[in-house]
Amino acid sequence: MRRKKPKSLVLSGNGINCELETAHANRLVGFDVDIVHINSLTDGTTSIHDYHFLNFPGGFLDGDDLGAAKAQAVKWRYQKVPGRDTPFIDELIRFVTEGKIMVGICNGFQLLVKTGLLPALNGEYGKQSVTLTFNDSGRFQDRWVYLRTHPFSSCIFTRDMDRIYLPVRHGEGKLVARDEGTVKGLQENGHVVMQYADKDGT
């Protein structure tokens, strides 16, 4: 008997882009993929709990008018799914605590940070402890970089990976932690996934 493919959900709409490429990558590794509009998560037409993998692609969510992905993060903190008394952020926290996986790409990563789903040190989901802000250079970065994976990272997407060479394109690529304790927690809990490096991995 043929096994069913695991189900993957890719978000679209409101300034999100690259959902087609993200869905294609999911299919390449064996997922049955649905692309849905982001509003369908809170209007009751789509339940994230019907899926095993949740994808937040990049783009300019809500035009980034309040800063990268901030408007959507605030919506999810207060928006309720029809028939439920709790805000949608609680649905996302349940998804994570059930051991399911999600990925945030570019603006999608910023959304996960602003909702407090990352890094969620000590299980403090929904509490924002880091943010992404303007690059030190004061300008948009568009170039290729070498990255070295951290050997103690808990990230499943970089397992068995040593180095990678890939393009970066961002105006707000600087990760800033709330305090030194948060920085220490990121390091000690395997949340530092990659570091910039030269072509030899140094």
Side-chain angles (χ1 to χ4, degrees), residues 4-120 125-128 130-133 140 142 155-157 166-173 175 193:
K4 275 178 124 181
K5 290 182 179 180
K7 292 187 72 178
S8 163
L9 180 66
V10 177
L11 297 183
S12 68
N14 292 7
I16 293 171
N17 56 43
C18 298
E19 65 271 15
L20 296 178
E21 296 93 325
T22 304
H24 178 65
N26 276 240
R27 290 187 191 101
L28 287 176
V29 294
F31 280 97
D32 180 13
V33 185
D34 289 332
I35 299 175
V36 303
H37 194 280
I38 193 167
N39 290 348
S40 72
L41 301 184
T42 50
D43 69 11
T45 57
T46 302
S47 171
I48 61 173
H49 304 297
D50 292 334
Y51 297 88
H52 306 94
F53 185 26
L54 188 51
N55 295 256
F56 299 89
F60 298 92
L61 192 55
D62 298 315
D64 284 349
D65 289 331
L66 300 178
K70 186 64 179 177
Q72 188 66 50
V74 172
K75 284 182 203 171
W76 281 351
R77 191 170 298 279
Y78 298 101
Q79 248 177 338
K80 295 179 180 177
V81 177
R84 294 188 182 271
D85 290 331
T86 54
F88 182 68
I89 185 67
D90 289 356
E91 300 297 308
L92 290 166
I93 293 170
R94 177 184 151 200
F95 186 91
V96 173
T97 56
E98 287 178 352
K100 296 179 178 180
I101 56 174
M102 57 176 64
V103 65
I105 305 160
C106 193
N107 196 245
F109 175 74
Q110 292 170 319
L111 178 58
L112 294 179
V113 164
K114 299 291 171 72
T115 56
L117 290 170
L118 286 176
Y125 292 104
K127 182 177 180 182
Q128 188 179 345
V130 300
T131 195
L132 287 138
T133 190
F140 188 85
D142 182 7
C155 179
I156 65 169
F157 301 110
L166 79 174
V168 293
R169 300 187 75 236
H170 54 68
E172 297 180 42
L175 185 77
V193 180

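Note that the structure is a prediction, hence the values are computed from the model and not measured.
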Pair Asp62 + Lys75: basic N to acidic O under 4.0 Å: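 Judged by the 4.0 Å cut-off on N to carboxylate O distance, Asp62 and Lys75 do form a salt bridge.
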
Tell me every residue that passes salt bridge (Lys or Arg N to Asp or Glu O under 4.0 Å) with Arg169, counting only those two or more places apart in sequence or in another chain.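 Arg169 satisfies salt bridge (Lys or Arg N to Asp or Glu O under 4.0 Å) with Asp142 once adjacent residues are dropped.
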
Does some side-chain heavy atom of [Y] sit less than 4.5 Å from a side-chain heavy atom of [X]?
X	Y	answer
Leu20	Ile35	yes
Leu54	Lys100	no
Thr46	His37	no
Val193	Phe157	no

Heavy-atom donor-acceptor pair, Lys80 side chain to Asp85 backbone, under 3.5 Å: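 Yes.
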
Taking the side chain from Asn26 and the backbone from Phe31, do they hold a donor-acceptor pair closer than 3.5 Å?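 No; zero donor-acceptor contacts below 3.5 Å.
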
side-chain contact (heavy atoms from CB on, under 4.5 Å), paired with Met102, selected from Asn55, Leu9, Leu117, Ile48: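 In the set Asn55, Leu9, Leu117, Ile48, the residue that makes a side-chain contact (heavy atoms from CB on, under 4.5 Å) with Met102 is Leu117.
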
Stepwise, does the side chain to side chain contact (heavy atoms under 4.5 Å, CB included) test hold for Asp34 with Tyr51? CA-CA 9 Å; Asp34 289 332; Tyr51 297 88; 2.7 Å; yes

Exercise: identify the closest heavy-atom pair between [X] and [Y]:
X	Y	result
Val81	Gly44	CG1-CA, 4.4 Å
Thr22	Pro57	OG1-CB, 3.8 Å
Val113	Gln128	O-CG, 3.5 Å
Val130	Pro119	CG2-CD, 3.6 Å
Leu11	Ile16	O-CG2, 3.5 Å
Asp50	Lys7	O-CD, 3.7 Å

Distance from [X] atom [atom1] to [Y] atom [atom2], nearest 0.5 Å?
X	Y	atom1	atom2	answer
Glu91	Gln79	CD	CD	12.0 Å
Asp32	His52	CG	NE2	10.0 Å
Asn107	His170	CG	NE2	13.0 Å
Leu118	Gln110	CG	CD	12.0 Å
Leu92	Leu41	CG	CG	7.5 Å
His24	Cys18	NE2	SG	13.0 Å

Run the side-chain hydrogen bond (donor to acceptor under 3.5 Å, both in side chains) test against Ser12 and tell me which residues pass, sequence neighbours left out.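 side-chain hydrogen bond (donor to acceptor under 3.5 Å, both in side chains) list for Ser12, sorted by chain: empty.
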
Taking ring pair (Phe, Tyr, Trp, His ring centres under 6.0 Å) as the test, write out the residues that go with Phe88, two or more places apart.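 Partners of Phe88 by the ring pair (Phe, Tyr, Trp, His ring centres under 6.0 Å) criterion, ordered by chain and then number, come out as Trp76.
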
Heavy atoms of other groups near [X] [atom1], more than 12 under 6.0 Å:
X	atom1	result
Phe53	CZ	yes
His49	NE2	yes
Tyr78	OH	no

Given the rule in the side chain to side chain contact (heavy atoms under 4.5 Å, CB included) test, do Thr131 and Lys114 qualify, once you have shown the distances and angles that lead to the verdict? CA-CA 7 Å; Thr131 195; Lys114 299 291 171 72; 3.2 Å; yes

Test side chain to side chain contact (heavy atoms under 4.5 Å, CB included) applied to Lys70 and Val74, step by step: CA-CA 6 Å; Lys70 186 64 179 177; Val74 172; 4.1 Å; yes

